[in-house]
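Owing to the predicted nature of the structure, the values given are computational and were not obtained by experimental measurement.
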Amino acid sequence: MAIATKAMPFSFVAHFLGIVAAIMVLYWCISFRGGLAWEAPNKNLIFNIHPVLMLIGLVIIGGEAIMSYKCLPLKKPEKKLIHLVLHAIALILGIIGIYTAFKFHNESNIANLYSLHSWLGIGVIVLYGIQWIYGFLIFFYPGGSTTIRSESLPWHVLFGLLVYVLVVGTATLGYLEKLTFIENSGVAKYGSEAFLVNFTAIVTILFGVFVFLTILSQPPQEDEYSYSAI
C-alpha cells in the first residue's frame, strides 16, 4: 500500500506538529503544573517529567526515527544509523519517563500499575526495547544473513508500526487519565488548562497520522530498506 504523493510534504507537517506538541506539553507542565524537578517537596513536579519525556521521546523522536527512512535523501547506511540512534534516544527517554512515574508514585505513597494506561505503558516500553534490540542485531551488528534480513524486514516494519500505534494510543490515554485526575481535584472542565491538555492530545494524534502518511508515501529514492514493503 502506497500513496502517490512524495513523502517530504507530509514529513514537513509532521515535523511542525511535533514541535507544536513539545511546546504545548512543556507549557502545560511549566505554566499550569508548576514546573519540572527530579527532587522536590512538591512531588507533582517529579511527575511532570513523565509526560514531557514520553511525548518528546517515544512519540516525537520515535516518529522521527520512523520517518527518517522515507524523508531523508541519504544512502542506506546513513539512514539506518540515524534510524537506530533516534530510536535508541526515544527508548532511553521513555525508560526515564516511566521511572519518574514510579518515583512520583513511590514518594507520594500511591499504588503502582493500577490503571490501563500504566499497563499499556509497561507493555509498550518492553515491546519497543525488543524491537530495537532485534533491529540492532539483525540489521546493524553483527547483522543477519541476506536471507534473514530480507525475510525479517516486513515483519520488523509491521511490528514497529504496531508498537508506534500503541505508543500514540497510550500517550492519548495518559492525557485523559491525568486530566480526569486534575479535574476531580478542582480544575475547571472547560478551563484553559483542560482545553490545553485536550488540544495537546489532538496534536499528538495528528502527529502520529502524518507519520503514517509519510511512510505510506513515496521516498526520494526507493531501496529495499524503505517502508514500501507494507
Side-chain angles (χ1 to χ4, degrees), residues 14-67 85-108 110 112-113 115-126 128-129 132 163-183 185 187 191-211:
H15 300 327
F16 174 75
L17 290 171
I19 293 171
V20 171
I23 293 172
M24 291 174 77
V25 76
L26 283 168
Y27 182 73
W28 172 43
C29 290
I30 294 172
S31 296
F32 286 93
R33 296 286 96 200
L36 314 173
W38 191 258
E39 298 287 347
N42 181 1
K43 303 306 177 183
N44 290 315
L45 303 186
I46 298 173
F47 176 83
N48 291 344
I49 299 174
H50 175 72
V52 171
L53 292 188
M54 302 312 289
L55 177 65
I56 294 177
L58 291 186
V59 177
I60 298 176
I61 297 179
E64 294 290 343
I66 293 172
M67 291 189 294
V85 171
L86 287 178
H87 272 311
I89 294 171
L91 180 60
I92 291 169
L93 292 180
I95 292 172
I96 297 172
I98 288 178
Y99 173 79
T100 59
F102 278 97
K103 178 179 172 66
F104 163 71
H105 280 208
N106 292 337
E107 295 186 13
S108 303
I110 300 173
N112 289 305
L113 300 175
S115 67
L116 178 60
H117 171 68
S118 62
W119 295 355
L120 289 176
I122 294 298
V124 162
I125 203 69
V126 169
Y128 206 108
W132 189 87
V163 171
Y164 191 69
V165 169
L166 288 174
V167 166
V168 175
T170 304
T172 305
L173 194 60
Y175 290 126
L176 174 62
E177 181 179 295
K178 182 62 176 179
L179 183 56
T180 301
F181 287 156
I182 62 178
E183 285 178 345
S185 66
V187 170
S192 55
E193 183 174 5
F195 279 110
L196 175 61
V197 175
N198 282 330
F199 276 113
T200 304
I202 291 172
V203 173
T204 300
I205 294 170
L206 288 175
F207 176 80
V209 169
F210 276 90
V211 168

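At a threshold of 4.5 Å between non-hydrogen side-chain atoms, the residues F104 and N44 count as touching. Looking only at side-chain heavy atoms (C-beta outward), I92 and I96 come within less than 4.5 Å of each other.
Among residue pairs with one or both ends in residues 46-55, none qualify as salt bridge (Lys or Arg N to Asp or Glu O under 4.0 Å); sequence neighbours excluded. The list of side chain to side chain donor-acceptor pair (under 3.5 Å) pairs with a residue in residues 197-208, not counting sequence neighbours, reads Y175-T204. Judged as a salt bridge (Lys or Arg N to Asp or Glu O under 4.0 Å), not a single pair has a partner in residues 53-64 (not counting sequence neighbours). Applying the salt bridge (Lys or Arg N to Asp or Glu O under 4.0 Å) test to residues at least two apart or on different chains, none of the pairs has a partner in residues 197-211. For residues 24-36, the set of pairs meeting the side chain to side chain donor-acceptor pair (under 3.5 Å) definition, not counting sequence neighbours, comprises W28-E193, R33-E193. Residue pairs meeting the salt bridge (Lys or Arg N to Asp or Glu O under 4.0 Å) criterion with at least one partner in residues 42-58, sequence neighbours excluded, are K43-E107.
Taking the centre of each ring, F210 and H15 stay at or above the 6.0 Å mark.
Taking each heavy atom of F32 and S192 in turn, the nearest pair found is CE2-OG, 3.5 Å. For the pair V59 and A171, the tightest heavy-atom approach, listed with the atom from each and the gap, is CG2-CB, 4.0 Å. Between I56 and A22 the shortest heavy-atom distance is CG1-CB, 4.1 Å. Nearest heavy atom pair, residue G94 against residue I125, reads C-CD1, 3.8 Å. Taking all atoms of both residues into account, the shortest heavy-atom contact from I49 to A37 is CD1-O, 3.3 Å. Taking all atoms of both residues into account, the shortest heavy-atom contact from L86 to A65 is CB-CB, 3.5 Å.
For the pair N48 (side chain) and L36 (backbone), a donor-acceptor distance under 3.5 Å is absent.
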